[in-house]
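A short write-up of the structure that comes next.
Index from 1, following the sequence. Heavy-atom basis, side chains included; hydrogens, waters and symmetry copies ignored.
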Amino acid sequence: MRNYGGYMEKGQSTPFYDLKLWLRILKCTRGFKRAMGVAVVLAVGVTVAALSLPYLVKTGIDTYITAVDLSPEQRFSGLVRIGGISAALILCGFVLTFLQVVLLEWVGQSVMHRIRQQLFSHILSLDLAFLTKQPTGRLVTRLTNDVQNMYEMFTSVIVTLFNDLLRLAGILVVLIFMNAKLAALMSLFLPLAMVLIVTFASLAREKFRAIRSQLSRINSFVQESVSGMSVIQLFNRQSWLFSQFDGLSREYLERTLKQIRLFAAFMPLTELMSWVAISMILLYGGFQVIDKRLTIGELIAFIAYMRLFFQPLRELAQKYSIVQSALASAERIFSMLDTERKIKSPPSALPIERINGAITYKSVSFAYEKDIAVIDDLDLTIDAGQTVAIVGPTGSGKSTLISLLQRFYEPQKGTITIDGHDIRDLDLETLRTIVGVILQDVLILDDTLLANIVMNSGCSRARVEDILEKGGMRPFVDRLEQGLDTRIGDGGRELSSGEKQLLAFARAMCRNPAILILDEATASIDSETESMLERAIETITDRTSIIIAHRLSTVKRADRIIVMESGRIVEQGNHQHLLSRNGRYAELVKLDSFAEEQEQGIGTSGSTESPEPFPIQHSNGDPL
């Protein structure tokens, strides 16, 4: 990743030595400098304790075990003293390591908590246009797997890397102090080890990135499959779905096995290099001992230090998978955080004291994809307090008009105003409070009915009861065991589709919007609930209402009906006026009536004849 200008899921892998990325990762520890400083001091203590043990072994051998000029009592007491010091160092190393691990775990957990909160808050603020293009499983992976990978690097890799580098430097200093020639011989293996690590890094980088990308695909696939399980079972697509998952899982297995084979080659190479180095030191050091230029204790200490020298290299190999996963995860997390929100509140939003609810679309054009217009040069004026219905076939642009009004998307051309104010000059939070929407799909929280209705509106219980009473929705609440205090959602009572719509209506009214929109709110509810919802809507006389519906029975009472097709308005007027024109609206009414008759069952009288088809024409008179 060469820059952090926007979210990237695919592309070239981040280099292991990307200094810019490492610096940004370290910036995440701001606020924990004192804790990190203490961890560094503890690391120095752990290293000193570990490197002192081979030197004590050398001292014990040369000073006491091989010292024939000392009495057995002196030699024994000296060895006991050396053993006591070694035990104290081991205990000290244990205590310091324990404190270091606990401290870094706390830092790691705190940093990851901060990143997770920051990331989730950022996702909540992103444009709908961006979020709708992202698989849900991918976003879940960012908040869970990727954050966990970074946590593991903070708690295990960073401390290991620092400790190991400190240990390598300490070993070289001690060996030069003990015997410069043997230290020079051992240092020959350092460039060879670096070449091995760099080669391994270049070979492993793409493999780790491929594993992370495939895991993200699996997460997205599983999430989408589970959410659509009812459709999958309805059409008996379980076998097909399993075959798709099997392909994804096998690909993940293959990529993981490639990583394992690479590690299987790297680990023995480091071990082989270690034994070659020990053999050379044993051979050269043995001649030095024979020539009396090196003591046996020094030779044994050198061999012990050589084993300690290669241990960090083996640990780096073992931790490399964590480093690469964490770098790939950090790249994706930072890219997500750097994705800018395009639709924002203006720096100096217009102060709004009173909203009447007059809406104007002026020469508005919009396309989700380039050159595929959904709204095409549309002009529409809705007077304050008017009830307007928008109808038309699927894909005609009805719901898109509402999304544009709420600024979920920006039109490529034209302006939208409320009471003469361009909505781009209004604060986003204020705008979305002015416009209340009742959708077909209703979000239900695992909480009481009252909490679900109020949400963050601050509406009192008395106000909620007044809304239910005036809207004729009291029977809906009275049917519940504990009324407004009934727990609903995953942990409580399940609501029917109609009950959810009544809840959504009460929720919208709690915010007291100047403009109320019903977007296919009656598409999947029974006739009784639909009548109850219609009666509730009829009580609203002091605000602008927009009704979007396929079922035309809900739009007959509207002051004006807008008929849309291919992003344009083809007809408008009241119900009787449009029927008398015998145009596109009349065709839609015929289709709607026929669909209702089919639902009710035409054959209830015993007739088995099919209804006689009627001609369906475009507004220009051509048959469909």
Nearest-0.5 Å distance that lies between atom [atom1] in [X] and atom [atom2] in [Y]:
X      : Y      : atom1 : atom2 : value
Ile390 : Ile546 : CD1   : CD1   : 5.5 Å
Ile515 : Thr433 : CD1   : OG1   : 12.0 Å
Ile372 : Phe366 : CD1   : CZ    : 11.5 Å
His575 : Arg557 : NE2   : CZ    : 10.5 Å
Leu337 : Glu340 : CG    : CD    : 12.0 Å
Ile359 : Ile423 : CD1   : CD1   : 9.5 Å

Determine whether [X] and [Y] make a side-chain contact, defined as any pair of heavy atoms from C-beta on separated by less than 4.5 Å.
X      : Y      : value
Ile561 : Val391 : yes
Leu241 : Ser225 : yes
Leu380 : Val364 : no
Val435 : Ile517 : yes
Cys28  : Ile115 : yes
Leu468 : Leu484 : yes
Arg507 : Val442 : yes
Asp379 : Ser363 : yes

What are the two closest non-hydrogen atoms of [X] and [Y], and how far apart are they?
X      : Y      : result
Leu450 : Arg461 : CD2-NH1, 3.5 Å
Ser365 : Asp376 : OG-C, 3.9 Å
Gln214 : Arg217 : OE1-NH1, 2.8 Å
Arg584 : Pro393 : NH2-CG, 4.2 Å
Gly392 : Lys398 : O-NZ, 3.0 Å
Ser329 : Met150 : CB-CG, 4.5 Å

Looking only at atom types and distance, does a side-chain atom of [X] sit under 3.5 Å from a main-chain N or O of [Y], one as donor and one as acceptor?
X      : Y      : value
Arg463 : Cys510 : no
Gln501 : Leu439 : yes
Gln412 : Ala367 : yes
Thr339 : Ser335 : yes
Arg487 : Asp446 : yes
Thr544 : Gly385 : yes
Thr448 : Thr486 : no
Asp419 : Gly357 : yes

Taking Ile438 as the fixed residue, which of Asp519, Leu516, Leu503 is the one that meets the side-chain contact (heavy atoms from CB on, under 4.5 Å) rule?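 When side-chain contact (heavy atoms from CB on, under 4.5 Å) is applied between Ile438 and each of Asp519, Leu516, Leu503, only Leu516 qualifies.
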Could you tell me whether Asp377 and Lys413 make a salt bridge, using a distance below 4.0 angstrom between a side-chain N and a carboxylate O?
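Salt bridge flag = yes for Lys413 with Asp377.
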I'd like a table of donor-acceptor pairs (distance under 3.5 Å, sequence neighbours excluded) in which one partner is a side-chain atom from residues 401-410, with atom names and distances.
unit_1 : atom_1 : unit_2 : atom_2 : d
Ser403 : OG     : Ser399 : O      : 3.4
Gln406 : NE2    : Ile402 : O      : 3.3
Arg407 : NE     : Glu410 : OE2    : 3.3
Arg407 : NH1    : Lys344 : O      : 3.2
Arg407 : NH2    : Glu410 : OE2    : 2.4

Donor + acceptor pair across side chains of [X], [Y] (<3.5 Å):
X      : Y      : answer
Thr400 : Tyr368 : yes
Arg354 : Asn356 : yes
Asp427 : Ser345 : yes

**OP:** List the steps and the verdict of side-chain contact (heavy atoms from CB on, under 4.5 Å) for Leu327 and Leu21.
**Re:** CA-CA 8 Å; Leu327 288 177; Leu21 181 59; 3.8 Å; yes
So Phe242 and Phe245, would you call those rings parallel, tilted or perpendicular, with 30° and 60° as cut-offs?
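Taking Phe245 first and then Phe242, their aromatic rings sit tilted (interplane angle of 30° to 60°).
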- Task: Applying side-chain contact (heavy atoms from CB on, under 4.5 Å), run through Tyr585 and Val555 and close with a yes or a no.
- Result: CA-CA 12 Å; Tyr585 178 75; Val555 306; 4.0 Å; yes
Enumerate the side-chain hydrogen bond (donor to acceptor under 3.5 Å, both in side chains) contacts for residues 114-131, please, sequence neighbours excluded, ordered by first and then second residue.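 Checked against side-chain hydrogen bond (donor to acceptor under 3.5 Å, both in side chains) - neighbours excluded - no pair reaches residues 114-131.
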**Q.** Trace of the side-chain contact (heavy atoms from CB on, under 4.5 Å) decision for Glu369 with Val374
**A.** CA-CA 9 Å; Glu369 303 292 339; Val374 179; over 6 Å; no
task = Have a look at Arg332 and tell me which of Thr141, Asp146, Asn145 forms a side-chain hydrogen bond (donor to acceptor under 3.5 Å, both in side chains) with it.
result =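 For Arg332, the side-chain hydrogen bond (donor to acceptor under 3.5 Å, both in side chains) test succeeds with only one of Thr141, Asp146, Asn145, which is Asp146.
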Report task. Go through the structure and list residues passing side chain to side chain contact (heavy atoms under 4.5 Å, CB included) with Gln386, not counting sequence neighbours. Result ->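 If we apply the side chain to side chain contact (heavy atoms under 4.5 Å, CB included) test to Gln386, skipping adjacent residues, the hits are Ile382, Asp383, Val388, Asp559, Arg560.
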Margin query: For a side-chain contact (heavy atoms from CB on, under 4.5 Å) check, start with the C-alpha distance between Arg341 and Leu428, then their side-chain angles and the critical distance, and finish with the verdict.
Written below: CA-CA 12 Å; Arg341 182 178 182 175; Leu428 270 179; 3.0 Å; yes
Point to revise | Exceeds 12 heavy-atom contacts within 6.0 angstrom, atom NE2 of His113 | key: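 No, not enclosed.
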